[in-house]
Amino acid sequence: MTFTLATWNINSVRLREGLVERLMREEAPDVLCLQECKSPVEKIPLERFRALGYDWMVARGQKGYNGVAILSKLPLVEAGAGDYAGLGHARHVAGRLENGVTIHNFYVPAGGDIPDRDENEKFGQKLDFLTHMRDDFLANRPEKAILVGDLNIAPREDDVWSHKALLKIVSHTPIEVEHLAQTRDAGNWVDVTRQDIPEGQLYSWWSYRARDWDAADKGRRLDHVWATPDISNAAHGSRILRAARSWEQPSDHVPVFATFDL
DNA sequence: ATGGTAGAGCATCTA
């Protein structure tokens, strides 16, 4: 079977219900992983998604903040959810397809503005969240698994508009990049997007604060698709839907896609 | 170095 998966930080699933529908109609990924739903699970507007063939959902939510959901046209059952770093936030949910593939959907904490855990508690929480992920993958090596989400780190020099300018900016500091590398290596995860598109600048997020985000193009690749080595060679066709950043009342993130032949 | 925008929900907090 072949299926296409997308990951998208939607920044309020209720405000942007119409944009989710547009993606479902125009791109029709089989599996759509959302982050920052900012909604309790019971208030996610499921009926309109069901009408478009997305009959399955696993999700975690809370009022106003965070929230992750996996919407699927393929049968999907819940495969757990973790409370990483003990924050009590809705930042992870996992589902399993009938072919046995597990899909992890993560929303890693943004980490605040100051890249120092002594001055900024949120930065420490971000690092601890990643360390907890790493330890989980070391204790229980994932197989036949896909990990997606807003990881809030742009690891490579060509994942940001200026490596030099962002070295001290949260999302691209060396300590965050090192934590993310350890997390990835602990699960033997393969960066599917970069497997497919190894060269060149690649961004999935542009700040709302720019006068002209498109012209300035000061983006970062914060949203990722990873897979375990037993299925990573089945992945292809990665792409980033930059055009969605120009949709009406957009999210500051755009969808990232990958297709798997399994 | 600074300030810039957006969402939730109604005062700020978070990104």
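All figures in this text were calculated on a predicted structure; none of them were measured in a lab. Proteins come first, then strands; the chains are lettered A, B, ... in the order of their sequence lines, and each starts at number 1.
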Euclidean distance for [atom1], [N] against [M] (whole angstrom):
N       : M       : atom1 : value
dA1(B)  : dT14(B) : C1'   : 23 Å
dG9(B)  : dT5(B)  : P     : 23 Å
dG4(B)  : dA8(B)  : P     : 22 Å
dA15(B) : dT2(B)  : P     : 22 Å

Round to a whole Å and report the spacing from [atom1] of [X] to [atom2] of [N].
X         : N       : atom1 : atom2 : result
Lys38(A)  : dA6(B)  : NZ    : P     : 12 Å
Asn11(A)  : dA6(B)  : CG    : P     : 11 Å
Trp205(A) : dA6(B)  : CH2   : P     : 13 Å
Arg211(A) : dA6(B)  : CZ    : P     : 13 Å
Ile114(A) : dA15(B) : CD1   : C1'   : 15 Å
Asp113(A) : dG4(B)  : CG    : P     : 15 Å
Trp213(A) : dG4(B)  : CH2   : P     : 22 Å
Phe129(A) : dA15(B) : CZ    : P     : 12 Å

Considering only dA15(B), dA8(B), dA6(B), which nucleotide approaches the side chain of Ala110(A) most closely?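 Selected nucleotide (nearest to the side chain): dA15(B).
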
When you get a sec, tell me which of dA6(B), dC13(B), dA8(B) is the closest nucleotide to the side chain of Tyr65(A)?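 The closest nucleotide is dC13(B).
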
With heavy atoms under 4.0 Å as the rule, sort Arg16(A) into base, sugar-phosphate or nothing.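 Sugar-phosphate: the residue Arg16(A), judged by heavy atoms under 4.0 Å, touches backbone atoms but no base.
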
Remember a base hit wins even if backbone is also touched, and classify Arg220(A) as base, sugar-phosphate or nothing at under 4.0 Å, heavy atoms.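 Since no nucleic acid heavy atom lies under 4.0 Å of Arg220(A), the category is nothing.
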
Upstream residue (5' side of DNA chain B) when Gly112(A) and Ala210(A) are each assigned their closest nucleotide: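 Its nearest nucleotide being more 5', the pick is Ala210(A).
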
For Lys63(A) and Ser207(A), take the nucleotide of DNA chain B holding the closest heavy atom to each; which residue's nucleotide lies nearer the 5' end?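 The answer here is Ser207(A).
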
Give me the one residue out of Arg221(A), His224(A), Arg220(A) that meets side-chain hydrogen bond (donor to acceptor under 3.5 Å, both in side chains) with Asp159(A).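 Going through the options one by one, the only one that passes is Arg221(A).
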
Are OP1 or OP2 of dT14(B) and a side-chain N or O of Lys122(A) less than 4.0 angstrom apart?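 Answer yes for this pair, as a side-chain N or O of Lys122(A) is under 4.0 Å from OP1 or OP2.
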
Does dA8(B) have OP1 or OP2 under 4.0 Å away from a side-chain N or O of Gln62(A)?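 No, Gln62(A) has no side-chain N/O under 4.0 Å of OP1/OP2 on dA8(B).
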
What do the steps show when you test Val41(A) against Met57(A) for side chain to side chain contact (heavy atoms under 4.5 Å, CB included), and what is the final call? CA-CA 10 Å; Val41(A) 172; Met57(A) 182 179 80; 3.9 Å; yes

Note, Pro142(A) side chain near Thr102(A) side chain (heavy atom, < 4.5 Å):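 They are not in side-chain contact.
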
When you measure from the side chain of His132(A) to the backbone N and O of Asp128(A), does any donor-acceptor pair fall under 3.5 Å?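 Flag not set: sc His132(A) to bb Asp128(A) has no pair under 3.5 Å.
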
Is it true that Glu36(A) and Arg16(A) have a side-chain N and a carboxylate O under 4.0 angstrom from each other?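 No, Glu36(A) and Arg16(A) are not salt-bridged.
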
